[in-house]
Amino acid sequence: QVQLVESGGGLVQAGGSLRLSCAASGRTFSSYTMGWFRQAPGKEREFVARIMTSGGATYYADSAKGRFTTYRDNAKNTVYLQMNGLKPEDTAVYYCAASYYSGLLLGLRDYNYWGQGTQVTVSS
């Protein structure tokens, strides 16, 4: 069982930056692929980014490429999402998720554990 707790959300002006953190419980954090998703009001939850276990290979949605970076610190059981150049359309609740699978892992069903989410609001 893995418990995930996100933090770092907030209100920011367009063009600003935020860093989200996701702290995980358990001693096997390093063996999980970690993903980031977001859900805007009235929309489905969508994939943002993911980072693999060893080696930390990353993959990003087109909307995140060039602006967002995900990285992990296995010693701290934490994964991060650095978001730069934020736009109003990035406004959403952001969730981290953990998967014990490997691969592309773009879908919600690919992940086994979810955090409660953190709100990100970008004003124009």
Side-chain angles (χ1 to χ4, degrees):
Q1 188 77 10
V2 175
Q3 292 186 327
L4 305 172
V5 179
E6 300 98 334
S7 60
L11 174 63
V12 64
Q13 289 187 334
S17 298
L18 282 174
R19 188 183 75 163
L20 306 183
S21 300
C22 173
S25 65
R27 293 174 290 179
T28 59
F29 171 76
S30 61
S31 65
Y32 287 90
T33 296
M34 300 300 296
W36 289 96
F37 289 76
R38 67 186 183 186
Q39 187 166 19
K43 294 187 177 181
E44 294 185 351
R45 194 172 299 188
E46 64 177 9
F47 171 81
V48 175
R50 71 103 172 95
I51 183 166
M52 301 293 285
T53 54
S54 60
T58 55
Y59 188 86
Y60 299 91
D62 287 344
S63 59
K65 286 179 182 176
R67 299 188 300 128
F68 295 2
T69 302
T70 187
Y71 57 100
R72 64 194 298 162
D73 185 338
N74 288 335
K76 294 183 178 179
N77 279 15
T78 301
V79 61
Y80 303 93
L81 183 68
Q82 176 68 44
M83 304 186 295
N84 299 326
L86 283 162
K87 305 174 182 179
E89 51 264 44
D90 294 318
T91 295
V93 177
Y94 283 71
Y95 299 88
C96 71
S99 174
Y100 41 66
Y101 301 117
S102 59
L104 206 52
L105 305 182
L106 304 182
L108 276 66
R109 295 183 178 182
D110 294 328
Y111 292 83
N112 309 102
Y113 305 103
W114 292 83
Q116 83 291 348
T118 185
Q119 176 70 48
V120 171
T121 303
V122 184
S123 63
S124 57

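Only a predicted model underlies this, so the values are computations on that prediction, with no experimental measurement involved. Numbers for residues simply follow the sequence, beginning at 1.
- Asn77 contributes atom CG, which lies 10.0 Å from atom SG of Cys22 (distance to the nearest 0.5 angstrom).
- To the nearest 0.5 Å, atom SG of residue Cys96 and atom CD1 of residue Ile51 are 12.5 Å apart.
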Let's go through Arg67 and Lys87 carefully: what are the C-alpha distance in whole Å and the side-chain angles of both, what is the deciding distance for side chain to side chain contact (heavy atoms under 4.5 Å, CB included) to 0.1 Å, and is it a yes or a no? CA-CA 10 Å; Arg67 299 188 300 128; Lys87 305 174 182 179; 3.7 Å; yes
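- Ala40 and Ala92 make their closest contact through N-CB, 3.8 Å (heavy atoms, listed as atom of the first residue, atom of the second, distance).
- Heavy-atom minimum distance, Gln82 versus Tyr71: CB-CE2, 4.4 Å.
- A single hydrophobic cluster is seen to contain both Trp36 and Phe47, as judged by linkage of ILVMFWY side chains at heavy-atom distances under 4.5 Å, directly or through other members.
- Using a 4.5 Å cut-off on side-chain heavy atoms (C-beta onward), Tyr59 and Leu106 make contact.
- Residues Val48 and Val5 do not share a hydrophobic cluster, defined by chaining ILVMFWY side chains whose heavy atoms lie under 4.5 Å apart.
- Side-chain contact check for Ser21 versus Glu6: every heavy-atom pair is 4.5 Å or farther apart.
- Using modelled atom types and a 3.5 Å distance limit, the side chains of Asp73 and Thr78 yield no donor-acceptor pair.
- Aromatic pair Tyr111/Phe37: ring centres closer than 6.0 Å.
- At least one cation-pi condition fails for Arg72 and Tyr80: the charged atom is not both under 6.0 angstrom from the six-membered ring centre and inside a 45 degree cone around its axis.
- With contacts defined as side-chain heavy-atom distances shorter than 4.5 Å, the pair Gln119/Thr91 qualifies.
- A 4.5 Å side-chain heavy-atom check between Val2 and Tyr32 finds at least one atom pair inside the cut-off.
- Residues Asn84 and Phe68 form no side-chain contact, since every pair of their non-hydrogen atoms from C-beta on lies 4.5 Å or further apart.
- The side-chain contact (heavy atoms from CB on, under 4.5 Å) search around Ser25 returns Gln3, not counting sequence neighbours.
- Between the CG atom of Leu81 and the CZ atom of Arg19 there is a distance of 10.5 Å, given to the nearest 0.5 Å.
- Looking at every heavy atom in both residues, Gly9 comes nearest to Leu20 through N-CD2, 3.6 Å.
- Under a 3.5 Å cut-off, the side chain of Asp90 and the backbone N or O of Val122 do not form any donor-acceptor pair.
- Rounding to the nearest 0.5 angstrom, the gap separating the OG1 atom in Thr70 from the CZ atom in Arg50 is 10.0 Å.
- No side-chain N or O of Asp110 forms a donor-acceptor pair with one of Tyr101 less than 3.5 Å apart.
- Tyr94 and Arg38 share a side-chain donor-acceptor pair at under 3.5 Å.
- Two residues are said to be in side-chain contact when any heavy atoms from C-beta on lie closer than 4.5 Å; Lys76 and Phe29 fail this criterion.
- The same ILVMFWY cluster, assembled from side-chain heavy atoms under 4.5 Å apart, contains both Tyr100 and Met34.
- Heavy atoms only, all atoms of each residue included: Leu4 and Ala24 are closest at CD2-CB, 3.6 Å.
- Contact check for Leu18 versus Val120: side-chain heavy atoms found under the 4.5 Å cut-off.
- Nearest heavy atom pair, residue Pro88 against residue Ser124, reads CG-CB, 3.9 Å.
- Residue Trp114 is grouped with residue Val79 when hydrophobic side chains (ILVMFWY) are merged at heavy-atom distances under 4.5 angstrom, including chains of intermediate members.
- Looking at Val93 and Thr118, their side chains never come closer than 4.5 Å, going by heavy atoms from C-beta outward.
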